[in-house]
Amino acid sequence: MTTPTNVDGEPTDETASVRERYDVEMAVRIEERWQSAWDEADVYRTPNPGDADFDPNRPKFYCLDMFPYPSGAGLHVGHPEGYTATDILCRYKRMRGFNVLHPMGFDAFGLPAEQYAVQTGVHPRETTQEAMDNFRRQLKRFGFSYDWSREFATIDPEYYRWTQWIWLRAYGSWFDPRVDAARPIAELEAGLAAGEVVPTDDDDEPLDWSAMDAAAQRRYVDGCRLAYLGEQTVNWCPKLGTVLANEEVIDGRSERGGHPVMRKPLRQWMFRITAYAQRLLDDLDLIRWPESTRIMQREWIGRSDGALVRFEVEGGSGTLDVFTTRPDTLFGATYMVVAPEHPLVDEIVAESGADPAIEAYVTAARNRADVDRMADSKDKTGVFTGRHAVNPATGERIPIWTADYVLMGYGTGAIMAVPAHDQRDFEFARAFDLPIRQVVADAVGDAGACDDWNEAMTGGGVAVASANEAVSLDGLATDAAKATMIDWLSATGRGRRRVNFKLRDWLFSRQRYWGEPFPIVFDDAGNHHPVSDAALPVRLPDLEDYEPIEADEPTPPLGKAAEWVRTTAGEAGVDPSVLPPDTPVRREINTMPGWAGSCWYYLRYCDPGNDSRFASREAERYWMLSDRGEDSTPTVSGETSFDASRHHVGGVDLYVGGAEHAVLHLLYARFWHKILFDLGEVSTPEPVGRLFHQGMITSFAFKRRDGSLVPVDEVRETDDGAAVEIATGEPVERIVAKMSKSLRNVINPDDVIAEYGADTFRLYEMAMGPLDASKPWNTRDIVGVHRFLQRAWRLAVDETTGELRLREDADPDVERALHRTIAKVGDDVERLAFNTAIAAMIEFVNTATGVGVTADQLDRFNRILGPFVPHFAEEIAARLHPGATGGRSVVLAEWPAFDPAMLKDDSIEVPVQVLGKVRSRITVPADADAAALEAAALADERIRELVAGKTIRKVVVVPGKLVNVVAN
RNA sequence: GCCGGAGUGGCGGAAUUGGCAGACGCGACGGAUUCAAAAUCCGUUUCCCGCAAGGGAGUGUGGGUUCGAGUCCCACCUUCGGUACCA
């Protein structure tokens, strides 16, 4: 193919003459040589504060890659994209004198590994270990400058010990709204006992603490924990044998595997992430993250401002609360709807004489898989419950319906329906012939008949027909009408202002084997007790039968470890002050979800060997706390010794990974971090100060005329660039698609390295285009960057002798070009624009080719090349400084300086436009002022011809850039 | 539907702040070298008209602002992500 190879058989003069050529054999030899040399010299080990070789005078830079989930398939080309980018930046930062923390490890608990193990019948411990070994081998082959001494996997007991420890901190804390932060649960108990904290019920009504018995008090405190046991309707996936978080369910199917998911009430460990909703929202403004990701998190948290309105229900149960963002439309509420799961519905169904149609509808709605519920979301269904409520504004009797377009999980699970001003209510009212009453108009007196409307009027306007004896909204603009209505509701006890969030508490239990055990046990009364910190980790028992139990009832596989489950408080490590050691207990048999380990791994890297804390305070503080420059001072939530005027809110200086984690992982990690911050365990309110998403690497595929896709190996590309399907001879169109097995367009990194070497691979992925853009892999283009390395090699090395080819005296043009290149590459690396940095280096080599460079010039150029192609540059460095020890390594070198004066030319060529079109060019001194430029432009012969006989209206001069003559 | 990103030569892409559109690479074409080929080096390569000098058009489409728009504004089309009855 395009790879240069030596001729087989008898060596000829020709083959001998290119023995020192940079081809794949040479690349591989160089790469292996330097990788083992770096390994031996341990050059990438990063000292921590306190280490003998730690230099506290250097600034720090913590650069993190999203650690991989080691699948059996090995690394795909998307992994090294982000990893190469951070590697270049880290190498650059080291050369600029930073202490750089750049770690790597593995996220190894979780469903995919376990599913794979179940399929193959090999224990997940083994498959995971194998996959990690393979990933590590592949990663090392790229020559990334990770400090491998910091490597760990989330399945290491010494790691998940601290995952459990952090969970215990959440278990042992509550969220105090008075300080808007987490506090130890002991402070809640003390506050309750002293009467400083008043307990409240579900409706925020105060309770009498002293009147509660011990069990009730315990229940109350347990209900306040940040990690708590909650009865929830969960997503149960019988096929996977586990419950799933809402985020893991897509269109009613499991994200992994696409299996159907059912709704089922279950008692499970939850995280009170909702307590942090506002802070998670607010602090998004303080971090340098992609706007798209911050928007997605904002939408996920989903704050909406409105009111809680209380409706009297006729007969029986008293009241029905609804949440609405449009309290100004209360006069237009002509009916109510409750979710099929709403308690009021249960009550009605239980009554004798209830319409059997109600129960039929509710049963059907509840059992309906979410898939179906989505599918016909267009058609509204529902049934009248037979009950009525009273509209508190109009005093009218309005019917209460139940319908599945109202969701139990949001707000109160009940709504007031205002069909004139809400599209969903409008459609429902039309379907069931319910009254529609307009209460908002474009202008006063503008109200017309809404009978002939095709859709609801959902925007703002002026309130109309909205008055009773006590309050009138008529004539008020929507915002004012909302405020007036809320005031009236509050004053009369009919409602109040209310902020509601879409975000729900995080379901944290899984009925699977391959995850972290919870450090908690239950006594015979069913009360839970924590395992003491000193007894951690609670090790995952080594089950031989780890298969999930496919059943309609959740049955965690850990239940099979009977001896492990049934134990005593003392055996389990419960503190004797909590439970006497001989108390029989059973362990929690659910495990934590795959997200757990990735919620805090960036903290462990700060000090991965520490066995007395998740990381020493000193190490955590050094790597996570960043001084800010002259930036504006942000406000920071929570109670803290953190100094917002001095420090950035985020710890990790740069975190690079795919946008697919924009919400889940990145929101969970922020939440855990904030708990730890509130408890004084970490130094910053946010885990990550700057986030960057690398784009997806796609591939080419082909499309038939009918739109169907054709695998790449069933297509032949013709010389004129067209493509035909081999089987039919029909022309097909080349398109960009995700890499997939079915299209057979998946690129294996090992193959590419075997053909070109790791340096070429690295360089190609960085040259493809902007780091954050999705871009297609084009095998044909790789040769371009490989040829660049060959030219660069040839610039430095004589291919026949292997001797360096160096000039004695520097060529001034080459010297100037070198300064420009150093400046441009440094600038581009800082802003992660590696593609243009590479273009600049190619230009330099093209400029210098045929002219030659001095040893000093080669040395400087080689140093800017180093971060991109470290093996290549190390080889050149070694040849430039033969016999030199360590100190001349390109890894440890300083980034070369440039002289700003060398970036400017003495004279420049400036385009001259007439009416915005370039008509001529003039050569002027670089510092020519506007007057000189104008004079030179107007003196230009071609310009004089063109403006002859015309009036010069204006001359626009941009010094150094252009001249535009406006003449007509 | 809603939110966000992107549409530039045959292809990947460049143009950092409103100032020379197409850097750099691939491919293609031509030349040098070679017995020949590979490799390498040099050159051409947005499109149209023209022998040339030169002229015209041109950054998804249509409008606008400006001396000047790939870049800013309005409307729309295509495409890729995200999201989906959230009251």
Side-chain angles (χ1 to χ4, degrees), chain A residues 2 4-5 7 14 18 21 23 250-251 290-293 295-296 298-300 302 304 306 322-326 337 373-374 377-378 380 403-407 409-418 422-425 427-428 500-504 659-660 662-663 695-696 698 700 719-722 734-736 738 764 767-770 772-785 787-788 790-791 794 799 827-828 831 833 835-836 838-843 846 849-850 909-918 921 953-958 960-967:
Chain A
T2 43
T5 48
V7 176
E14 281 81 5
V18 292
R21 177 185 184 72
D23 56 17
I250 293 167
D251 292 343
E291 186 57 21
S292 57
T293 297
I295 288 170
M296 279 161 73
R298 275 190 207 109
E299 287 176 350
W300 190 266
S304 52
V322 302
F323 172 72
T324 177
T325 54
R326 293 295 301 274
V337 186
R373 220 156 148 166
M374 305 275 184
S377 64
K378 300 265 186 310
K380 296 279 182 292
D404 66 2
Y405 85 90
V406 172
L407 309 173
Y410 184 78
T412 64
I415 62 155
M416 64 180 212
V418 184
D422 181 283
Q423 186 59 28
R424 298 151 300 181
D425 297 344
E427 285 163 17
F428 192 80
N500 204 44
F501 292 94
K502 252 197 278 191
L503 184 72
R504 298 188 217 165
E660 66 273 20
V663 178
M696 203 196 325
T698 53
F700 291 121
D719 289 340
D720 55 350
R734 191 172 83 161
I735 55 146
V736 170
K738 279 187 191 172
Y764 172 64
M768 286 173 80
D772 56 357
S774 117
K775 37 204 179 280
W777 183 278
N778 191 357
T779 301
R780 191 187 263 176
D781 287 344
I782 303 171
V783 71
V785 289
R787 287 205 283 243
F788 158 64
Q790 290 182 321
R791 281 202 302 280
R794 210 176 297 122
E799 292 190 330
D827 205 39
D828 283 353
R831 54 187 193 94
N835 53 331
T836 49
I838 292 166
M841 292 190 289
I842 294 174
E843 277 184 273
N846 292 348
T849 292
E909 201 184 58
V910 171
V912 181
Q913 300 179 332
V914 175
L915 287 171
K917 286 185 195 302
V918 179
R921 288 162 197 285
R953 307 281 173 194
K954 190 174 175 182
V955 180
V956 181
V957 182
V958 184
K961 287 283 184 187
L962 61 50
V963 180
N964 187 11
V965 182
V966 185

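Below, chains carry the letters A, B, ... as their sequence lines are ordered, and counting in each starts from 1. Computed from a prediction, not measured in an experiment: that's the story for all the values here.
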Rounded to whole Å, please give me the gap between [atom1] in [X] and [atom2] in [N].
X: A/Ile735; N: B/rC80; atom1: CD1; atom2: C1'; value: 12 Å
X: A/Trp300; N: B/rG82; atom1: CH2; atom2: P; value: 12 Å
X: A/Arg831; N: B/rU17; atom1: CZ; atom2: C1'; value: 13 Å
X: A/Met768; N: B/rC11; atom1: CE; atom2: C1'; value: 13 Å
X: A/Trp777; N: B/rG13; atom1: CH2; atom2: C1'; value: 16 Å
X: A/Ile782; N: B/rC24; atom1: CD1; atom2: C1'; value: 17 Å
X: A/Lys502; N: B/rU83; atom1: NZ; atom2: C1'; value: 8 Å
X: A/Phe788; N: B/rA39; atom1: CZ; atom2: P; value: 20 Å

Tell me the partner of [N], counting only Watson-Crick (N1-N3 plus N6-O4 or O6-N4) or G-U wobble (N1-O2 and O6-N3) with both under 3.5 Å; none if nothing fits.
N: B/rC67; value: B/rG19
N: B/rC35; value: none
N: B/rC51; value: none
N: B/rG43; value: B/rC29
N: B/rA14; value: none
N: B/rU83; value: B/rG1
N: B/rA75; value: B/rU61

Does a side-chain heavy-atom distance below 4.5 Å link [X] with [Y]?
X: A/Val736; Y: A/Phe700; answer: yes
X: A/Thr779; Y: A/Tyr764; answer: no
X: A/Phe788; Y: A/Asn846; answer: no

Notebook entry, point to check: Taking for each residue the nucleotide of RNA chain B with the nearest heavy atom, is it A/Gly302 or A/Ile842 whose nucleotide lies nearer the 5' end?
Noted result: A/Ile842
Item checked: Residue whose closest nucleotide on RNA chain B lies nearer the 5' end, A/Ser774 versus A/Lys917 ->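 Residue closer to the 5' terminus by nearest nucleotide: A/Ser774.
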[X] side chain N/O closer than 4.0 Å to the phosphate oxygens (OP1, OP2) of [N]?
X: A/Gln423; N: B/rC85; result: no
X: A/Asn964; N: B/rG19; result: no
X: A/Ser304; N: B/rA87; result: yes
X: A/Lys775; N: B/rG12; result: no

In terms of side-chain heavy atoms of [X], which of [options] is nearest?
X: A/Val783; options: B/rC85, B/rG25, B/rC26; answer: B/rC26
X: A/Asp828; options: B/rC24, B/rU16, B/rG12; answer: B/rU16
X: A/Arg21; options: B/rA39, B/rA15, B/rC20; answer: B/rA39
X: A/Arg794; options: B/rC24, B/rU40, B/rA87; answer: B/rU40
X: A/Asn835; options: B/rA87, B/rA14, B/rC20; answer: B/rA14
X: A/Met296; options: B/rA39, B/rC85, B/rG82; answer: B/rG82
X: A/Arg791; options: B/rG25, B/rA21, B/rG81; answer: B/rG25
X: A/Thr324; options: B/rG19, B/rC24, B/rA87; answer: B/rA87
X: A/Phe700; options: B/rA87, B/rC26, B/rC11; answer: B/rC11
X: A/Asp404; options: B/rC85, B/rG19, B/rG13; answer: B/rC85

Base, sugar-phosphate or nothing for [X]? Non-hydrogen atoms, less than 4.0 Å.
X: A/Arg734; value: sugar-phosphate
X: A/Ile295; value: sugar-phosphate
X: A/Lys961; value: sugar-phosphate
X: A/Arg953; value: nothing
X: A/Val966; value: sugar-phosphate
X: A/Leu962; value: base
X: A/Glu299; value: sugar-phosphate
X: A/Asp772; value: nothing
X: A/Thr849; value: nothing
X: A/Asn846; value: sugar-phosphate

With rounding to whole Å, what would you report as the distance between [N] and [M] at their [atom1] atoms?
N: B/rG4; M: B/rG10; atom1: C1'; answer: 31 Å
N: B/rU71; M: B/rA14; atom1: C1'; answer: 14 Å
N: B/rG22; M: B/rU46; atom1: P; answer: 9 Å
N: B/rG9; M: B/rU61; atom1: P; answer: 10 Å
N: B/rG31; M: B/rG81; atom1: C1'; answer: 48 Å
N: B/rG7; M: B/rC11; atom1: C1'; answer: 15 Å
N: B/rG70; M: B/rU8; atom1: C1'; answer: 7 Å
N: B/rA37; M: B/rA32; atom1: P; answer: 11 Å

Atom [atom1] in [X], atom [atom2] in [Y]: separation rounded to 0.5 Å?
X: A/Ile838; Y: A/Asp828; atom1: CD1; atom2: CG; answer: 10.0 Å
X: A/Asp781; Y: A/Met768; atom1: CG; atom2: CE; answer: 8.5 Å
X: A/Thr836; Y: A/Met841; atom1: OG1; atom2: CE; answer: 10.0 Å

Checklist line | Residues forming a side chain to side chain contact (heavy atoms under 4.5 Å, CB included) with A/Ile295, sequence neighbours excluded | finding: A/Glu291, A/Arg298, A/Glu299
Next item on the list: Could you classify B/rG64 for me, syn or anti, using a glycosidic angle within 90° of 0 as syn?
Entry: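 You should classify B/rG64 as anti.
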Notebook entry, point to check: Under the 6.0 Å and 45° cation-pi test, does A/Lys380 pair with A/Tyr405?
Noted result: yes
Check: How close do A/Ala767 and A/Val785 get, heavy atom to heavy atom, and via which atoms?
Finding: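 Answer, listing the atom of A/Ala767 first, then A/Val785: CB-CG1, 3.9 Å.
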Next item on the list: Provide the closest heavy-atom pair for A/Asn964 versus A/Leu915 in the form atom of the first, atom of the second, distance.
Entry: OD1-N, 3.5 Å
